[in-house]
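Below: one structure, written as structure tokens.
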Amino acid sequence: MEPKRIREGYLVKRGSVFNTWKPMWVVLLEDGIEFYKKKSDSSPKGMIPLKGSTLTSPCQDFSKRMFVFKITTNKQQDHFFQAAFLEERDGWVRDIKKAIKCIEGGQKFARKSTRRSIRLPQTIDLGALYLSMKDNEKGIKELNLEKDKKLFNHCFTGNCVIDWLVSNQSVRNRQEGLMIASSLLNEGYLQPAGDLSKNAVDGTAENPFLDNPDAFYYFPDSGFFCEENSSDDDVILKEEFRGVIIKQGCLLKQGHRRKNWKVRKFILREDPAYLHYYDPAGGEDPLGAIHLRGCVVTSVESNLDGKKSEEENLFEIITAHEVHYFLQAATPSERTEWIKAIQVASRTGK
């Protein structure tokens, strides 16, 4: 029987020969991981056997890359993958770990359908805690904080994190809260902002996390940015990034000139409503931005000649200035999710 497909999607993979990072269509099977140059390819570019493999996450071998995990095969070959955002990385990591465990135990991979067993009191689910901290109503409030003539946007203080953990009854006291916050920091769920918190992470302080009103932190996908004394043009540009991130992930985008398709990482923000797209293999600056205010977004089933398109799960964004963008999702449900999210942002955003 053909191995069961557990998970598939775009990830950025580090090459084993030239060490370059390139987006790949990755498929997790019960016994291994296949990766393809394109989703439509019939044969994989490579395959990683999971039997005897180990997984490392977060992988901190690359300081400038976030959301990386490493798979080491039983022949001591390392394979590095980078997800587009934190929840995506954690989803891949959970499924790969479970697949490896099932192989070792001679079991079939199956997602839990029974009620979760009661956790031990000392066990903390950092992923679930992170999602609670990000909750718009009951989570930690993101603020714009000023220090040393710098303005830190979408961030919060160290003591606010500890206050929230204690008041939310996630920990019994501030010392325990400090331990949990340090774990969140080490796992990449929190990021340091500013010299004080960064120096603590680098080891110049006794604890990597600081219960301090002058130590600033932020969520890795919150839209955080820091601005210093800048020109009016810089302020106008940064206005695009003030919106809260409401969706992100990889899609195929058609080029305007050559009409070729390339994988791009998209980040959708609202208020103001912008869809920025990036090279998923690296680079902090976006390749372009789509202003969504007043745009129209629809699914596409045929090309300009009225014939059925060979590409599946297409959708089109037409901006208020009548610029057309053609994007392709991996599945029909993913296309629907993107269309709905963009429609909401276009109505509510500036």
Side-chain angles (χ1 to χ4, degrees), residues 58 60 63 66-67 85-90 119 121-230 235 238-239 241-248 267-272 284:
Q60 299 178 341
S63 59
M66 297 173 65
F67 318 129
F85 53 99
L86 189 62
E87 292 92 336
E88 183 180 54
R89 183 199 70 183
D90 288 352
R119 294 198 305 264
Q122 66 267 28
T123 301
I124 297 290
D125 185 338
L126 294 179
L129 185 60
Y130 163 75
L131 293 177
S132 298
M133 295 171 76
K134 284 188 63 182
D135 185 89
N136 289 332
E137 295 182 2
K138 299 180 181 179
I140 296 175
K141 302 302 178 187
E142 295 180 51
L143 305 169
N144 294 338
L145 303 172
E146 190 171 359
K147 184 177 175 62
D148 299 331
K149 296 182 180 180
K150 295 180 182 179
L151 183 63
F152 297 85
N153 300 266
H154 295 295
C155 66
F156 38 82
T157 64
N159 66 322
C160 281
V161 174
I162 307 301
D163 289 343
W164 185 90
L165 289 170
V166 173
S167 63
N168 200 47
Q169 297 183 336
S170 299
V171 297
R172 291 171 293 185
N173 51 53
R174 300 190 77 84
Q175 186 59 36
E176 191 171 292
L178 202 57
M179 293 173 56
I180 297 301
S182 296
S183 298
L184 288 164
L185 192 65
N186 291 334
E187 290 290 324
Y189 291 107
L190 298 177
Q191 294 291 324
D195 293 338
L196 186 63
S197 55
K198 287 181 179 179
N199 288 338
V201 171
D202 292 338
T204 55
E206 185 177 346
N207 197 299
F209 188 91
L210 301 177
D211 181 4
N212 189 316
D214 292 323
F216 299 164
Y217 300 90
Y218 65 94
F219 297 125
D221 55 356
S222 65
F224 165 83
F225 68 94
C226 173
E227 53 187 339
E228 303 182 55
N229 296 329
S230 57
V235 173
K238 286 170 181 164
E239 180 70 23
F241 300 94
R242 293 184 187 275
V244 175
I245 295 174
I246 58 175
K247 189 171 177 60
Q248 56 185 316
I267 296 181
L268 174 60
R269 293 179 170 89
E270 65 175 356
D271 196 25
E284 297 180 2

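In what follows, every heavy atom counts, from backbone to side chain, and hydrogens, waters and symmetry copies are set aside. In this chain, residues are counted from 1 in sequence order.
The distance from the SG atom of Cys160 to the CG atom of Leu165 is 11.0 Å, given to the nearest 0.5 Å. Of the inter-residue distances, the one linking Asp211 atom CG with Leu178 atom CG reads 6.0 Å to the nearest 0.5 angstrom. Here the straight-line distance linking atom CG of Leu131 with atom CZ of Phe219 works out to 10.0 Å at 0.5 Å rounding. Summarising the geometry, atom OG belonging to Ser132 is positioned 6.5 Å from atom CG belonging to Asn168; distances are rounded to the nearest 0.5 Å.
The minimum heavy-atom distance between Ala181 and Ile162, with the atom names listed, is CB-CD1, 4.0 Å. Nearest heavy atoms, Leu190 versus Leu185: O-CD1, 3.4 Å. Counting all heavy atoms, side chain and backbone alike, Lys198 lies closest to Ala193 at CE-CA, 4.4 Å. Taking every heavy atom of both residues into account, Pro220 and Gly188 meet most closely at CG-O, 3.5 Å. The minimum heavy-atom distance linking Arg89 with Pro58 is given by the pair NH1-CB, 3.3 Å.
Inter-residue side-chain proximity for Asp195 and Lys147 is flagged as unmet; no heavy-atom pair is nearer than 4.5 Å. Arg269 places a side-chain heavy atom less than 4.5 Å from the side chain of Phe241. The side-chain heavy atoms of Arg174 and Asn159, taken from C-beta on, include a pair separated by under 4.5 Å. Between Phe156 and Leu143, the closest side-chain pair of non-hydrogen atoms is not below 4.5 Å. Glu176 is not listed as a side-chain neighbour of Val166, based on a closest heavy-atom distance of 4.5 Å or more. For the pair Glu142 and Asn153, the minimum side-chain heavy-atom distance is 4.5 Å or more.
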*Check against side-chain contact (heavy atoms from CB on, under 4.5 Å), Leu126 and Ser183*: CA-CA 8 Å; Leu126 294 179; Ser183 298; 4.0 Å; yes

*Take Leu184 and Met133 through the test side-chain contact (heavy atoms from CB on, under 4.5 Å) and record every step on the way to the result.*
CA-CA 11 Å; Leu184 288 164; Met133 295 171 76; 3.7 Å; yes

*asked:* One pair to check against side-chain contact (heavy atoms from CB on, under 4.5 Å): Phe152 and Asn144. What are the steps and the verdict?
replied: CA-CA 5 Å; Phe152 297 85; Asn144 294 338; over 6 Å; no

*For Met66 and Leu86, what are the C-alpha separation, side-chain angles and deciding distance, and is it a side-chain contact (heavy atoms from CB on, under 4.5 Å)?*
CA-CA 8 Å; Met66 297 173 65; Leu86 189 62; over 6 Å; no

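By the 6.0 Å contact criterion, CG on Asn136 is open, its count of non-hydrogen atoms from other residues, nucleotides or ligands being 12 or less. For Lys141, the NZ atom counts as densely surrounded, since its 6.0 Å shell holds more than 12 non-hydrogen atoms of other residues, nucleotides or ligands. The number of heavy atoms from other shown groups lying within 6.0 Å of CZ (Arg172) does not exceed 12.
Here ring-ring contact (aromatic ring centres under 6.0 Å, His included) pairs that include residues 163-198, with residues two or more places apart or in two chains, are Tyr130-Tyr189.
For Phe209 and Tyr217, the gap between ring centers is short of 6.0 Å.
Scored by the side chain to side chain contact (heavy atoms under 4.5 Å, CB included) test, Asn212 finds Leu196, Leu210, Asp214, Ala215 as partners (sequence neighbours excluded).
Put simply, the side chain of Lys134 never gets that close to the backbone of Leu129: no donor and acceptor are under 3.5 Å apart. Remark: the backbone N or O of Pro208 is not paired with any side-chain donor or acceptor of Ser182 at under 3.5 angstrom.
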